[in-house]
Every structure is written in structure tokens, then in C-alpha cells.
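Remember, it's 1-based here, ligands and their atoms both numbered in the order they're listed.
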Amino acid sequence: MAGRIQDRVAVVTGGCSGIGLATVRRFVAEGAKVVIGDIDDARGGTLVEELGGADVATYVHVDVTSQEQVDALFRTAADTYGSVDIAFNNAGISPPEDDSILDTDLDAWRRVQEVNLTSVYLCCKAALPYMLEQGRGSIINTASFVAVMGAATSQISYSASKGGVLSMTRELGVQFARQGVRVNALCPGPVNTPLLQELFAADAERAARRLVHVPMGRFGEPEEMAAAVLFLASDDSSFMTATTFLVDGGISGAYVTPL
Ligand SMILES: NC(=O)c1ccc[n+]([C@@H]2O[C@H](COP(=O)([O-])OP(=O)(O)OC[C@H]3O[C@@H](n4cnc5c(N)ncnc54)[C@H](O)[C@@H]3O)[C@@H](O)[C@H]2O)c1
């Protein structure tokens, strides 16, 4: 039986871990050819074999803050598999030195803006010409629930970067809606990935504090995000663009959560 994105060509940044990795696996299971862009070359190499080899997946070393490398990533997808149908612009970081505005220095601020926000600008800028030429495409940018809510346990640059991703996504979705290109933002709640585990390993109280606010009482799993990304990537979401797609266990709807 044909998959839900059979023979579509997808580019996934940050595809070697967490949400990106789960999405790569789901995309391949649903019939897509996937080009993975990441800086984790050791994982990238083994991953392609796991997925079934070069017929279905290609790994490209990409630092998403480099315009040259991002352009080469999307060119590889077009040259290798013939089109760029789906772009999941997902790579991001959440380093511990990004904290309260009172303690976060300018270098830490800038690094997070580059990796989380400038990267999405670069990826959209690189993907759009292919999609406009084809008259078809689906871009999904990873924002976060923190783009729509404030937290007292602050990561100031991270939150600001995700707000930027959300605004940029909305604007691109509106601008290109009549040319067949949809652009949507995935806003995950806290998800059980290395990014979150690293952040909370140093501070268990911080983890517990965040969990209290999740009505479902647990963190999300990467596979639950992959299912949402697949929906946004596929024709099942054909009337959706410029949306804030919250997949957050109910956080953004909650005032008081169950005990
Ligand atoms: N985990 C969560 O709770 C959560 C919640 C909301 C949003 N998000 C967002 O989801 C996205 C994925 O997060 P995750 O939890 O899967 O993280 P993760 O740390 O598990 O994976 C991130 C991947 O991005 C790659 N990466 C990092 N810097 C890069 C760079 N400069 N160039 C290319 N690749 C780079 C890493 O090597 C890694 O493979 C991020 O944008 C993150 O901000 C995560």
C-alpha cells in the first residue's frame, strides 16, 4: 500500500536525534525519500544504513547557521531525488547558559538566535525557490509552546527565537498561500528527547516544575511529534497554512491542571 507521502522528497534538519530522528523514520515508513541535515556525522552515517540505504535516505553534514551549507543541503535533495516537496526545519539548541535575562550574556543570546531562528530563515529561503517552481510544497518549522506562553523558569533567547520562528512561519504561509506552498509551525510541548533530558539533568526541580503544568502529567514522545509533522507534511492538511500547530499535552489550554 502506498504511504501517506509516497515518493515525496523531504529535507529534515536535526534529523539525527529526538523529534527530527522520529520524523525521519516516520517519513521513510510513509514512502518518502529523506535528506537528513545535521552536524552529528557519526550518527548520520549509521542512520542511512538503518533506514535502508541511499535509495531512501541521504545524510549531509550541515551546520544550519551556514547559508552555503544550507543551500547545498536543499540542492542535494533536488539533485539526488528530483524535487524538494517537504522541508522540516527543526534543528535547534537549548543550552544551559541561556537562562534568565539577568544571567544570559550576549554571546549565549546570539548563538541561540543563530541556530534556532536564523537557521529557519536560511532553510525557508533555500527551500522556497524549488517549491515555487514546482507549484507545490509543505514547510514545517519547529517553534515551541514557549512561543505562545511565558515561563518563570526562563530561557530568554530560546523563547525569543521560537517567537521569531512562529511569526516568520505565519508570514511565509500567508505570502505563498496562492502559489501552492504551505508553511506551518509545529509547537511542541516538552518532549522526552536528549535536548530536554540534558536541560533537566542538571536541575530536577526545574523538570518537576514544568511537568506540573502539563494536564496529561507527562512529557510527549518524539513519535507523537513525528505523527503531527507527517500530518502537516501530507495532503491530509491541505487546507492548513500559517498555523500555530500546538502539540503540547494540553499545556496551552490549561489554567489549573489535575493533581
Ligand atoms: N524537546 C523538547 O521538549 C522541545 C520542545 C519544544 C520544541 N523543541 C524543538 O524541537 C527541535 C528538536 O529538538 P529535540 O528535542 O529533538 O532536540 P535534540 O537535541 O534531540 O536534536 C537536535 C538535533 O539538532 C542537531 N543540531 C544542533 N545544532 C545544529 C546545527 N547547528 N546544525 C545542524 N544540526 C544541529 C543535533 O545534532 C541533533 O541531532 C528543536 O528546534 C527544539 O527547540 C523541543
Mind listing the N or O contacts between ligand 1 and protein, cut-off under 3.5 Å?
unit_1: ligand 1; atom_1: 1 (N); unit_2: Val191; atom_2: O; d: 3.3
unit_1: ligand 1; atom_1: 1 (N); unit_2: Thr193; atom_2: OG1; d: 3.1
unit_1: ligand 1; atom_1: 3 (O); unit_2: Val191; atom_2: N; d: 2.7
unit_1: ligand 1; atom_1: 3 (O); unit_2: Val191; atom_2: O; d: 3.4
unit_1: ligand 1; atom_1: 8 (N); unit_2: Tyr158; atom_2: OH; d: 3.4
unit_1: ligand 1; atom_1: 15 (O); unit_2: Thr193; atom_2: OG1; d: 2.4
unit_1: ligand 1; atom_1: 16 (O); unit_2: Ile19; atom_2: N; d: 2.8
unit_1: ligand 1; atom_1: 20 (O); unit_2: Ser17; atom_2: OG; d: 2.7
unit_1: ligand 1; atom_1: 31 (N); unit_2: Asp63; atom_2: OD1; d: 3.1
unit_1: ligand 1; atom_1: 32 (N); unit_2: Val62; atom_2: O; d: 3.3
unit_1: ligand 1; atom_1: 32 (N); unit_2: Val64; atom_2: N; d: 3.0
unit_1: ligand 1; atom_1: 37 (O); unit_2: Asp38; atom_2: OD1; d: 2.6
unit_1: ligand 1; atom_1: 39 (O); unit_2: Asp38; atom_2: OD1; d: 3.4
unit_1: ligand 1; atom_1: 39 (O); unit_2: Asp38; atom_2: OD2; d: 2.7
unit_1: ligand 1; atom_1: 41 (O); unit_2: Asn90; atom_2: O; d: 2.8
unit_1: ligand 1; atom_1: 41 (O); unit_2: Lys162; atom_2: NZ; d: 2.9
unit_1: ligand 1; atom_1: 43 (O); unit_2: Tyr158; atom_2: OH; d: 2.6
unit_1: ligand 1; atom_1: 43 (O); unit_2: Lys162; atom_2: NZ; d: 3.1

Sequence-distant partners of Arg43, side chain to side chain contact (heavy atoms under 4.5 Å, CB included), two or more places apart: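 Partners of Arg43 by the side chain to side chain contact (heavy atoms under 4.5 Å, CB included) criterion, ordered by chain and then number, come out as Cys16, Leu21, Arg25, Asp40, Thr46, Leu47, Glu50.
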Under 4.5 Å side-chain linkage, directly or through intermediates, the cluster mates of Leu102: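 Ile101, Leu106, Trp109, Ile156, which link up through side-chain heavy atoms under 4.5 Å apart, make up the rest of the cluster.
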Side-chain hydrophobic cluster, 4.5 Å single linkage: members besides Val256: Tyr255
Establish, from distance only, whether the side-chain atoms of [X] and [Y] form a donor-acceptor pair under 3.5 Å.
X: Tyr81; Y: Thr76; result: no
X: Tyr130; Y: Asp85; result: no
X: Gln155; Y: Asp99; result: no

